[in-house]
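Have a look at the structure below before the remarks.
As the structure lists them, so they are numbered: ligands from 1, and atoms in each ligand from 1.
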Amino acid sequence: MARIFCVANQKGGVGKTTTAINLAWAMATSGQKTLVVDLDPQCNATSGLGLKPAERHPLLVDAPLRESILSTAIDNLHLMPGCRSFQDVDRLAKTSTNQVSLLRRHLEVGLGLYDAVFIDCPPSLGELTQAALACSTEVLMPIQCEYYAMEGLTQMIHVIRDVMQQSPGRLTFGGILLTMVDPRFELTHEVDSEVRDFFGDIVFDTVIPRDIAISEAPSHGLSVLAYAPRSHGTRAYIELCMEVLDRD
Ligand SMILES: Nc1ncnc2c1ncn2[C@@H]1O[C@H](COP(=O)(O)OP(=O)(O)OP(=O)(O)O)[C@@H](O)[C@H]1O
Ligand SMILES: [Mg+2]
């Protein structure tokens, strides 16, 4: 069965989309058939992969899901594009939480061809994120190394625990990832040790450095792996990919 990663954190701008795109790209490069699902109406994962949002959200149109899946610049990596329509997003949230089943059924039955699926969530703990959690097998939570990093996390953990209790054995904590790490700042070291003290082994050894190449890549519709293959950012996302594959 596919590993389904829910990339979530209710805080905005912590590196969810960046991680979904670059880790998915690294997985695809390593031979895993990989899908990115853009659930965020900002559609950053869609544009970051150089593609256009859908007019209607693929999960709401009455057509086989496969028909909405787009190819990307590399083999093995596909995208279910996002949709900017807030009406669709509202409907999606409602439909999904009804039985959480819509997305899950599609992912399990229609999209069984993938080894790894990355769901890029919006910055909220709302129904869409909860539905995404409920259809996932692993939560992957990026945390930005900054002063408020830990604030609000207990709320997020509660929501994750609730989902875990609703279908025991399905969802696990895939890992916590420190992003935008800049070792020149004392604060970075403080947040790093605070997060590791609190969460222990589920924090990935790999950290993602702050790297300008990572922030430039999406404007070229590429992952940093293709945009700047020798950058620190590329090295970090490849290392993260190996760690994720090891944790299987
Ligand atoms: N390691 C990094 N180094 C430099 N810039 C980064 C890094 N990671 C992310 N960024 C930049 O930080 C901004 C926020 O990242 P991103 O969009 O991935 O966060 P997000 O959690 O998905 O945001 P949102 O909550 O709005 O969906 C983007 O401009 C991105 O290019
Ligand atoms: Mg995002």
Side-chain angles (χ1 to χ4, degrees), residues 5-26 36-51 53 57 79-84 86 89 92-93 118-126 128-130 132-133 136 139-153 155-156 159 174-185 187-188 191-192 195 203-241 243:
F5 298 89
C6 182
V7 187
N9 184 333
Q10 85 266 34
K11 254 185 206 308
V14 298
K16 292 182 287 296
T17 303
T18 303
T19 296
I21 290 180
N22 292 304
L23 182 54
W25 194 289
V36 173
V37 175
D38 191 350
L39 267 199
D40 184 353
Q42 298 180 98
C43 298
N44 294 150
T46 302
S47 55
L49 284 169
L51 295 165
H57 201 282
L79 170 79
M80 184 196 293
C83 167
R84 293 214 164 97
F86 278 91
V89 173
L92 192 58
F118 291 87
I119 305 179
D120 185 30
C121 290
S124 101
L125 273 181
L128 215 46
T129 298
Q130 291 179 33
L133 282 169
S136 298
V139 195
L140 213 156
M141 197 193 313
I143 293 184
Q144 185 182 349
C145 273
E146 44 130 44
Y147 182 60
Y148 294 115
M150 301 280 280
E151 213 159 77
L153 278 189
Q155 241 181 319
M156 177 90 204
V159 170
I176 287 180
L177 175 68
L178 292 164
T179 63
M180 299 184 232
V181 167
D182 191 334
R184 289 171 304 175
F185 298 129
L187 182 61
T188 288
V191 174
D192 185 300
V195 171
V203 185
F204 289 108
D205 293 337
T206 308
V207 300
I208 308 299
R210 189 174 276 286
D211 179 357
I212 186 83
I214 291 181
S215 58
E216 287 171 352
S219 65
H220 299 266
L222 292 171
S223 153
V224 69
L225 276 75
Y227 174 69
R230 293 168 188 277
S231 62
H232 294 297
T234 291
R235 203 176 316 146
Y237 274 109
I238 290 175
E239 252 172 51
L240 175 67
C241 173
E243 221 185 322

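Taking CD of Glu146 as the start and CD of Glu151 as the end, the distance is 9.5 Å to the nearest 0.5 Å.
Looking at Thr17 next to ligand 1, an N or O pair under 3.5 Å apart turns up. Considering backbone and side-chain atoms together, Gly15 places an N or O closer than 3.5 Å to an N or O of ligand 1. Distances between N or O atoms of Arg210 and those of ligand 1 include no value under 3.5 Å. Among the atoms of Asp120, none of the N or O lies under 3.5 angstrom from an N or O of ligand 1.
Minimum heavy-atom separation, Pro81 to Thr46: CA-OG1, 3.6 Å. Closest approach of Ile119 to Ala132, counting heavy atoms only: CG2-CB, 3.9 Å.
In this structure, the protein non-hydrogen atom closest to atom 16 (P) of ligand 1 is Thr18 OG1, 3.5 Å.
Using a 4.0 angstrom heavy-atom cutoff, Thr179 does not count as in contact with ligand 1. The closest approach between Gly13 and ligand 1 falls below 4.0 Å for a heavy atom of the residue.
Taking every non-hydrogen atom of Ile208 and a distance limit under 4.0 Å, the qualifying atoms of ligand 1 come out as 1 (N). Taking every heavy atom of Ser215 and a limit of under 4.0 angstrom, the matching atoms of ligand 1 come to 5 (N), 31 (O). Atoms of ligand 1 lying under 4.0 Å from at least one heavy atom of Gly12, given by number and element, are 25 (O). Taking every non-hydrogen atom of Asp40 and a distance limit under 4.0 Å, the qualifying atoms of ligand 1 come out as 27 (O). Under a 4.0 Å criterion applied to the non-hydrogen atoms of Val14, ligand 1 contributes the atoms 19 (O), 20 (P), 21 (O). Less than 4.0 angstrom separates some heavy atom of Gln42 from each of these atoms of ligand 1: 24 (P), 26 (O), 27 (O). Shown in contact with Pro209 at under 4.0 Å from a heavy atom are these atoms of ligand 1, numbered in order with element: 1 (N), 2 (C), 3 (N).
Side chains of Tyr237 and Thr19: a donor-acceptor N/O pair is present below 3.5 angstrom, by distance only.
Put simply, the side chain of Glu243 never gets that close to the backbone of Phe204: no donor and acceptor are under 3.5 Å apart. Proximity of a side-chain donor or acceptor of Ser136 to a complementary backbone N or O of Val139 within less than 3.5 Å is not detected.
Counting backbone and side-chain atoms alike, Thr17 contributes an N/O/S atom closer than 2.8 Å to the Mg ion (ligand 2).
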